[in-house]
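Everything on this sheet refers to the single structure shown next.
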2 protein chains.
Amino acid sequence: MSAERRSFKREGADSRKEALIRATLALMADRGPSAATVRAIAEKAGITQGMIRHYFSSKEDLINAAYQTHMHGQTDAAKRAAGAGGTARNRLALVVRASVTPPVADPTALSLWAGFIHMVWRDPSMRATHEQTYLRYRDLLQSLIAEALAEAGRIVDADEARRFAIACNAVVDGLWLEAGALPDAFEEDELAYIALDSVAAILGLPLILDEQCEPDRENT
Amino acid sequence: MSAERRSFKREGADSRKEALIRATLALMADRGPSAATVRAIAEKAGITQGMIRHYFSSKEDLINAAYQTHMHGQTDAAKRAAGAGGTARNRLALVVRASVTPPVADPTALSLWAGFIHMVWRDPSMRATHEQTYLRYRDLLQSLIAEALAEAGRIVDADEARRFAIACNAVVDGLWLEAGALPDAFEEDELAYIALDSVAAILGLPLILDEQCEPDRENT
DNA sequence: CCCGTAATTATGCAAGCGTATAGTTATTGG
DNA sequence: CCAATAACTATACGCTTGCATAATTACGGG
């Protein structure tokens, strides 16, 4: 008469943590932060809700881990798009384009990001993660910019490089935001071209994608 | 032994609605969307929780009204900064500066916006409000841009004006975002200058504020 | 003057939340 | 081969939530 007990499956700690994090992200992306309850997360991860407190000290801890995972995924995807070889100018163009096109820029990523952002103000550790991730992307941009300008024979001091990075970061973020907020309002390549044109205008450096020297997925 | 009953105060419907909306915004800005419960909102508005359902059909309805109020306030503040007279170029500069400086750009506004954004996906009426507000600001920018370019003797077709508006909007949004996310990472005027320089570079049109023209660095 | 009506308060309710904990089942070292 | 232990399930608890409704109060027209 009692419902049959759930089948007992033993799994490694890492795989369980990852499953919980992925379930959290999926729920938040789908139906907002409020949908990411411990029960829903556990169900989506295929385990019972007790596990979440067995692997994370609290739900907030799990949320934090999910936030880190998401942000690292975003940055890594953009960095990966740059590839290893080619000119700095081309790598910069590739990073810019990747940052305003799927899968980095899409409604799911924006929704997820927005869901996390408001937690940043209350939890200091989430704020730390936020700043770190934010500045890391900007630093990536800044070094590519400085390198690309150097290739063109222009030497900029650190202050100017910083301002360039802030401005280009803003363009990219703004377009990333628009791509996620109004995915049907633009052609698929339109935002990429606008991003490249704008960054080029800001830097005074033509940015054209060297399609044939585009790196492929093979590098790592 | 029974606690004394709350003093009975009769008020107009508009003032009550406004009080509820302001309380909602204050709570969301302060402690996130989850803190904006009907009880907390009512307490902050100085009334009992029954009133919220007396003036709004549901809590979601109140949230929607608060969203509209906030977004309209943001756009209106930027528009107001442009003033009525002066050249279009100067009005454009004023709008750009206003959009990346307080009170339009600040942590509270960002936190509030992020709190709303993730609701946009579930509720169609909030999505409608979102698109409408979004495009209205961009249209404001686009008309100012077209006018300013015309002043300089440059006629751009509708397609190019649209791309310019998208790009400038992106710069402004990105800097607005950074100003709200990392309020201590920039000098107070720094983002305004970067915004003006970037928009100027994108449009190929020098943007200098009339009233107080600090001769900043040359772009490019 | 007073009563009907609308505004406002107070209270109750079912559902869902995060967390704690007791009970159950694999794995493992000796 | 059998405890000991860690992984895992199941359930209960206290709290909060949005919403509904009964009780109370002010106000305006007869």
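Lettering follows sequence order; numbering is per chain, from 1. The figures here come from the full heavy-atom set of this structure, side chains too, leaving out hydrogens, waters and symmetry mates.
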* Asked: Do the side-chain N and O atoms of A:Asp173 and A:Tyr134 include a donor-acceptor pair separated by under 3.5 angstrom?
  ->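 Yes, a side-chain donor-acceptor pair sits under 3.5 Å.
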
* B:Tyr137 and B:Ser99: side-chain donor and acceptor closer than 3.5 Å? ->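 Yes, side-chain donor-acceptor contact under 3.5 Å.
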
Let me know the distance between [atom1] of [X] and [atom2] of [N], rounded to the nearest Å.
| X | N | atom1 | atom2 | result |
| --- | --- | --- | --- | --- |
| A:Lys17 | D:dC8 | NZ | C1' | 16 Å |
| B:Ile47 | C:dA7 | CD1 | C1' | 11 Å |
| A:Ile63 | C:dC17 | CD1 | P | 13 Å |
| B:Leu27 | D:dT17 | CG | P | 11 Å |
| A:Gln49 | D:dA10 | CD | C1' | 9 Å |
| A:Glu43 | D:dA10 | CD | C1' | 15 Å |
| B:Met51 | D:dT25 | CE | P | 16 Å |
| A:Leu62 | C:dG18 | CG | P | 10 Å |

* Do any side-chain nitrogens or oxygens of B:His54 fall under 4.0 Å of OP1 or OP2 in C:dA7? ->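 So the side-chain polar atoms of B:His54 do come within 4.0 Å of the phosphate oxygens OP1 or OP2 of C:dA7, strictly under.
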
* Starting from the C-alpha separation in whole Å, work towards a yes-or-no answer on salt bridge (charged side-chain N to carboxylate O under 4.0 Å, His left out) for A:Arg127 and A:Asp123. => CA-CA 6 Å; A:Arg127 183 164 181 79; A:Asp123 186 350; over 6 Å; no

Any idea which of [options] is nearest the [X] side chain?
| X | options | result |
| --- | --- | --- |
| A:Tyr55 | C:dT8, D:dA12, D:dA7 | D:dA7 |
| B:Lys59 | D:dC8, D:dG18, C:dT8 | D:dG18 |
| B:Arg16 | C:dT8, D:dC8, D:dT11 | C:dT8 |
| A:Thr48 | D:dA10, D:dG18, C:dG18 | D:dA10 |

* To do: Please indicate whether B:Glu147 has more than 12 foreign heavy atoms, meaning atoms of other residues, nucleotides or ligands, lying under 6.0 Å from its CD.
  =>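 Yes, the 6.0 Å shell around CD holds more than 12 heavy atoms from other groups.
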
* How far does OH of A:Tyr193 sit from CG of A:Leu207, to the nearest 0.5 angstrom? ->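 That separation rounds to 13.0 Å.
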
* Check: C:dG18 base within 3.5 Å donor-acceptor of A:Arg39 side chain ->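 Yes, a donor-acceptor pair under 3.5 Å.
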
